[in-house]
Every structure is written in C-alpha cells, then in structure tokens.
Asker: 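Would you mind keeping the following structure in view while I ask a few things?
A note on names: the letters A, B, ... follow the listed sequences, proteins ahead of strands, and every chain is numbered from 1.
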Amino acid sequence: MPEEIKAHITGVVYQVTAKPGDRVQAGDPVVVLESMKMEIPVEAPRAGAVQEIRVKEGQTVQEGDTIAVLA
Amino acid sequence: MIRTVLVANRGEIARRVFRACRRLGLGTVAVYSEADREAPHVRDADRAIAIGPAPARESYLDVARLLEAARASGADAIHPGYGFLSENWRFAEACRRAGLTFIGPSAEAIRRMGDKTEARRLMAGAGLPVLAGSAEPVADAGEVELIARDIGYPVILKAAAGGGGIGMARVGTPTELPGAFATATRRAQAAFGRGEVYVEKYLERARHIEVQVFGDAHGTLVHLHERECSIQRRHQKLVEESPAPHLPAATRQGLAAAAVVGARSIGYVNAGTMEFLVAEDGGFHFLEMNTRLQVEHPVTEEATGFDLVVEQLRVAAGERLAWRQEDIVQRRAALECRVYAEDPAKGFLPSPGRVERLALPSGDGIRIESGVEAGSVVSVHYDPLLFKLVAAGPTREAALDRMARALAGCVVEGVRTTIPFLRRVIESEAFREGRVHTQMIEQGAFNA
C-alpha cells in the first residue's frame, strides 16, 4: 500500500533529502522543513521505497500537506 | 548627535527601541517585509519603509535595502536590535561608511568577539578562565576525537562564526562524534555562512550566568550585575532572572570583575554581555560575548532601574555614561519568561498561525514586551517569540508570585505557546529554590 508522508508542521522546504527510488528506513528524513529558524525533518514512518516527492526546495507547505509518497 | 533612528528589526524589540527613542525625542523609522505590513512595530514609528519579501535574507538581512531605507527616510542612526544583522561587523562597518551612527559597539569589536575562537584566545589572554578545548576551529571529526580523548567526554561542538546556541552539538561518546560533527558543520554553514566548528569541554549540571556590561567612548566601562539564564531548550533561553539565586558572593563578584576586565581589554563601547558557565563548585568559565542588546535586557532594567536602550542611544551619540559603578545596584528581583509560538508538548516545535485572541496581564511589577496583537500572523519566516513577560518585586518570592499570576492571566488563542510549560517551571520546587542548571529541560525536569 502506498503511504503518503504528511508535513506535521507549517514551514518552508529547506532541503529534499531523498529522491524517487531511494530506499529509506523508518525515521529517515525525507524532507527537512524550516520554520521559525528551526530545521525540522519530516521522517519516513516506515521502511520502503520513495515513490514520489511532491515538494520543491523553497516551497511553503502547510501542516497536513502531503510532501512525499512511500511505495 | 542623533536625530532619527531606523530600527533594522521587527517585533517586540523594534517596539522597545522606538519607545526609548520617544523618551529622548528622537524620530523613528520602521522597516518591514511583505509579511509584516500589518505588524504593530510598523505603526509605532513615525515612518515605515517596505524593504522586500518575507524571507529575511531578502528583507531584514539585506544590507543594501536597509541602507537605502535609511537614506530615503533621512535617518542618521541605525539600531540593529538582536538577531538579524546585530552581530554582523560588515553591517556595522557599512553603516559607518554610509555616514550613519551604528547603535552598538565598533565593527572591530563585533568582528573580534564574533569569531568565537578568537574571543576565547583574547579573553584567556586577558586572564579570564576559559574551558579546555580547541584553540582553533577543528578540521574534522578525527581531530575532535583526539582533543576529546585529551580533555575527556562529554564535549560540545560550537560554530566558530556565531553564537546564540545555534548549531551546538553535545557529544557524549566517540560513536556520536561523526554524526554530531556533520550536523554542527552543516548548521554553522547554514546559519553563519561558515561551517567551521570548535570544541569545548561540556560541563554537566552547570549554570549559565551572564554579566551585562556597558562602556562609553570616553573610557568608562561598568557592569550591571548578573542574569541567571539556565532554563534553556536547544541551548536557547526561556527564563531569565536577576539577581541569580543562591550564587556565592565570591562567584558573583568574580563574574562581574572578570566581565569588566574582559570587556575593557578590547575597549568595548555600548551594551554587551559576557556569558559564563558556572560549575557546581562555583568555578566559572568564559563562554562568549554578545556584542549587542540581549533579549533578556529588561531583567537587568527592572532589577537596577536603569534604561539600557536609552543609554545605548546616548552613548552612541558620543555622550558619557550617565551611571557610576557604585550607583548600579540590584534594587529588586526581576524575572523574564519568553512566550514563544511553540508547542512544548511536541518538543517545542514551532506553531505558526494567526493569533485569534490575546489578553495580557498588567499590574504592579508586571511589564510586557509584545511584538504581536490579536489578529497578528505568526510567520514561519522569523523567530517565534510572541512576547516577553517580566515580573519584578522587592524579593525573589514576590517577583515569582507576580510572575505566576501573570502567566495565569495570559490568554493566547490560535497558536500554541510555551505558557503552560513556563507555568510549570515557575511553580516547580527546583526553580523556586533556585536549584537550576542548563540541562533541566532536556532531562524532563518540568514535564507535565
């Protein structure tokens, strides 16, 4: 089952640390958000392959937005 | 002479500086990014000038735009506030070259103390105790390991180009070293444009105590006593107070004397803060100097009765310090709580959004420094400080009781804040008894 990874906080995408096709473990950062001078990683909730990244660096995301999809 | 002051900042500190300017009859100029068009600080000034888009790099950190705003508005002085460009020596120098008075120390003092390894060398040379560590930035994790083997774990990695707790990483064991080194380097690069880090011995259960110093251009330099700032998360302060509770008299006097010697050794002018770590045995070590006004300056103002920002403006205009050392005494106890838009239940994650409702307490001994009002949008682009709550009283107990009531009287809706956490700190037995150290929050001492 593909699983959407959602932003748990509103922020600006500081860094995209994974790309489609990458294998990630649970807890690996997929995207790093910047909010109020803090860097906040959005982590993979489980192991899997990254199917899709839906954000670009510099983009603003709202809490609850899907930032990536795990296969 | 200064006639009109542009404040190159936003939020509560911009408003605080404008208030001091009005006291002295000076004109005021605000600058604002697109995100701050409706912000209270914009309305507080005589004039306001738009300086660019919301990201700080394109507005509050853009030197050319700030200088242009000063020229366009006829300002003849710039107050940098704290954060943003306040400790950027190139900005201070650019102001001077543009014929503007920079309200702060010389560019040279900012540069020398901004290089944290140079500051350590300078202060050690002046006779101040510094922690064991590297004299220069370290090349790689391997070099850190050699130093750590010599001075013993835990150690702490710090950015050489900047302070304020940004990019610090505590290393407890050799296995944590490579990851911590990479993180510290990356954060230093992102925050200061220079990835260099240095290493220091990490003191367990130490207190963070700092001394306010103030110098004028005529060779006078005084201290305004200490502030206790140990209640920190992510190496950044949440609660400060003056006097520091239960500090042995010898330590208190030693800190003040060291701060004055250190600041005098570099001919420091204007407001500055010498930061120290105080070990459990009362021994202390110089950490760094902040060459600017601190967030927590109201604690010193309430304790001593002196207005630091008014004095910054007077001294920047070339006047002599109005205070003699013997007149500066801690007449009252004062505390400050920083109310941030953060969720303490989620590890102090930022909580941006709109402030839907805001009710702030008032009363004897209560002072509020707020950058927001009902309807304000707390943006992801800036520091999440909403307001500072300051409580003072004839005794520490009186100040604590006032603070507890003030915290209970705050209503903030729309964003999560540090208020519930601050209430637990103020009501905790450890804090009430003044038994504090810098690791308390991370160790869960105030968890619900």
Asker: Dump the intermediate steps for side-chain contact (heavy atoms from CB on, under 4.5 Å) on B/His381 and A/Glu34, then the final yes or no.
Answerer: CA-CA 8 Å; B/His381 295 288; A/Glu34 188 181 15; over 6 Å; no

Asker: Determine the minimum heavy-atom distance between A/Met36 and B/Pro384, stating which atoms define it.
Answerer: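 That closest heavy-atom pairing would be SD-CB, 3.3 Å.
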
Asker: Given that the side chain runs from C-beta out, which part of B/Ala341 has a heavy atom under 4.5 Å from chain A: side chain, backbone, both or neither?
Answerer: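 Answer is both: backbone and side chain atoms of B/Ala341 are under 4.5 Å from chain A.
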
Asker: More than 12 non-hydrogen atoms from neighbouring residues, nucleotides or ligands closer than 6.0 Å to CD on B/Gln443, yes or no?
Answerer: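 Counting other residues, nucleotides and ligands, CD of B/Gln443 exceeds 12 neighbours.
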
Asker: Rounded to the nearest 0.5 Å, how far does CG of B/Leu349 lie from CG of A/Leu33?
Answerer: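 Output value for this atom pair is 10.0 Å.
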
Asker: Supply the atom-to-atom distance A/Glu39 CD to B/Thr183 OG1, rounded to the nearest 0.5 angstrom.
Answerer: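 So the gap between those two atoms works out to 9.0 Å.
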
Asker: Take A/Ile9 and B/Lys346 through the test side-chain contact (heavy atoms from CB on, under 4.5 Å) and record every step on the way to the result.
Answerer: CA-CA 11 Å; A/Ile9 183 165; B/Lys346 286 193 198 165; over 6 Å; no

Asker: What closest approach, in Å, do B/Arg186 and A/Tyr14 show between heavy atoms, and which atom pair accounts for it?
Answerer: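 The answer is NH1-CE2, 4.3 Å.
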
Asker: Is B/Arg233 atom CZ crowded by more than 12 heavy atoms from other residues, nucleotides or ligands, each under 6.0 Å away?
Answerer: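 For B/Arg233, atom CZ is crowded (more than 12 foreign heavy atoms under 6.0 Å).
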
Asker: With a 4.5 angstrom heavy-atom cut-off, which part of B/Ala190 approaches chain A: side chain, backbone, both or neither?
Answerer: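 Contact with chain A is through both the backbone and side chain of B/Ala190.
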
Asker: Decide if atom CD of B/Glu356 counts as having more than 12 heavy atoms of other residues, nucleotides or ligands within a radius under 6.0 Å.
Answerer: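 Yes.
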
Asker: Of all heavy-atom pairs between A/Ser35 and B/Pro350, which one has the smallest distance, and what is that distance?
Answerer: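 The answer is O-CG, 3.5 Å.
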
